There are 2 protein chains.
Amino acid sequence: MPNSDRISKPTGRRMSLYLRVLHSRIDQANAAISSKELGAQTGVKDAQVRKDLACFGSLGRPGVGYGVSELHNQLRKAMGMDQTWKTVLVGTGNIGRALLAYPRFRNEGFDFAAAFDQDKKAVGKRISGLTIQSMDELKRTVKKSSALIGLIAVPPAAAATVAQMLVDAGIRGILNFAPVRLHLPQGVAVVNVDFTDALEQLAFEIRLVKADVKVVK
Amino acid sequence: MPNSDRISKPTGRRMSLYLRVLHSRIDQANAAISSKELGAQTGVKDAQVRKDLACFGSLGRPGVGYGVSELHNQLRKAMGMDQTWKTVLVGTGNIGRALLAYPRFRNEGFDFAAAFDQDKKAVGKRISGLTIQSMDELKRTVKKSSALIGLIAVPPAAAATVAQMLVDAGIRGILNFAPVRLHLPQGVAVVNVDFTDALEQLAFEIRLVKADVKVVK
DNA sequence: GATTGTGAAGAGCTTCACAGCT
DNA sequence: AGCTGTGAAGCTCTTCACAATC
């Protein structure tokens, strides 16, 4: 009996991990993989893996495991990876350019439809196959492209304004690289990627390890 | 009575947020800030803020709040931000170069001591004030610089090897940008930053929102 | 009156353990 | 024998609520 009331956030995060493992085994599509094996590859306990996968109903066969190909398809569908997500980028500085060039995005179904920059000197230049557009064109271009995802890679001071522009243009989710908490209306999702936060987190954990006699898990 | 048994990971993550708010108020160093205000700025409930801050003992004054300057100092110390962290970068592709140029790292106490690349054609070039070194020099340079943090910005296939080299050289923490789960000995901390994971997460949340009649928090 | 610090309740996530299937 | 699916137990983090303090 399916357990798909609602997929929790922790479960969603782990789904990405499982997906990565399955992706690396597409060549063995007909083979089976056990929850134990999936767990070992992702650092997740086997019982947890089974609980997570139970969201889709009973895909596994006792004594055997999960069909790689079948599970891969189900997971892709559940995570929304069975479609192409039109995506736009705002901010073509160092980070923005690196993101545009990042090869895995396209492979995973994220397709950049446009790139924007406030700097008039950047507008018109081509990077990674896109011509940088001015902010004035944002709303029209986004609507026309029906992009649902926006990446914000602008300085902190500009992030809030840009976020509002994206929302007004109909964007449904923002991947935010600016070190700022965005206030967005309900119905618009945000995921933050903050390099400084990440480094601080690391420094914090190093201190934990050094401070303790016993190492903290 | 202090509650500093052990600072949990969720608490640690929020500390970064508080720190950011306090940082933006250094000009009002003598003023006070309440848990409610700190919470509003960071999206955290006030009771949670107080619980988190109670780790340092009783810094707050009932009816008033927390001294901005005092709290800032305590937090910086607790998060290990009262020192300079010597840091090295491996991989000087698009992402690596963007990280080296990221201005906030230096501001927050992270100091790049060296950059390495496997590509012989890159070695010797200067980026952001550093001369790219070959991998052969990694161990010696890292030991000499006494760097504790390593950033991995290399292709997935190379990440595990690089991680091992960093650990052998005495690194205590790794910020990993490669989409790979690193297996490291106890005592070495890892924080992963995976752009594709983040985007997948976002796509997943957008789907949640669209699927539901009621919006999920 | 405003705000802290905190015990207790609540919610959510993880792990255990085992019946049941192949 | 091996493995799944899952109820129940265990654990951790969050929220509530209020006495104590300024």
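Throughout, a chain's letter reflects where its sequence line sits, starting with A, and its residues are numbered from 1. As the structure is a computational prediction, the values presented were derived from the model and not from experiment. Atoms considered below: every heavy atom in the structure, side chains included; atoms not considered: hydrogens, waters and symmetry mates.
- In this structure, B/Arg50 reaches the bases: a heavy-atom distance under 4.0 Å links it to at least one base atom across the strands shown.
- With hydrogens and angles ignored, no donor-acceptor pair under 3.5 angstrom links the side chain of B/Lys36 to the base of C/dT3.
- With ring centers used as reference points, B/Tyr102 lies 6.0 Å or more from B/Phe112.
- Out of D/dA17, D/dA8, D/dC3, the shortest distance to the side chain of A/Ser34 is found at D/dC3.
- Rounded to an integer number of Å, the gap from A/Asp52 CG to D/dG5 C1' is 13 Å.
- If you check D/dC13, C/dT14, C/dT4 against the side chain of B/Pro10, the one that comes closest is D/dC13.
- A/Asp168 and A/Gln164 share a donor-acceptor pair across their side chains, judged by distance under 3.5 Å alone.
- Between B/Leu38 atom CG and C/dG5 atom C1' there is a gap of 16 Å when expressed in whole angstrom units.
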Exercise. Taking it one step at a time, do A/Arg25 and A/Glu37 satisfy salt bridge (charged side-chain N to carboxylate O under 4.0 Å, His left out)?
Worked result: CA-CA 12 Å; A/Arg25 301 210 180 185; A/Glu37 206 171 346; 2.9 Å; yes
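- No side-chain N or O of B/Thr196 forms a donor-acceptor pair with one of A/Glu108 less than 3.5 Å apart.
- Regarding B/Arg14, its CZ atom lies at a distance of 9 Å from the P atom of D/dC13, rounded to whole Å.
- Between A/Gln48 atom CD and D/dT12 atom C1' there is a gap of 14 Å when expressed in whole angstrom units.
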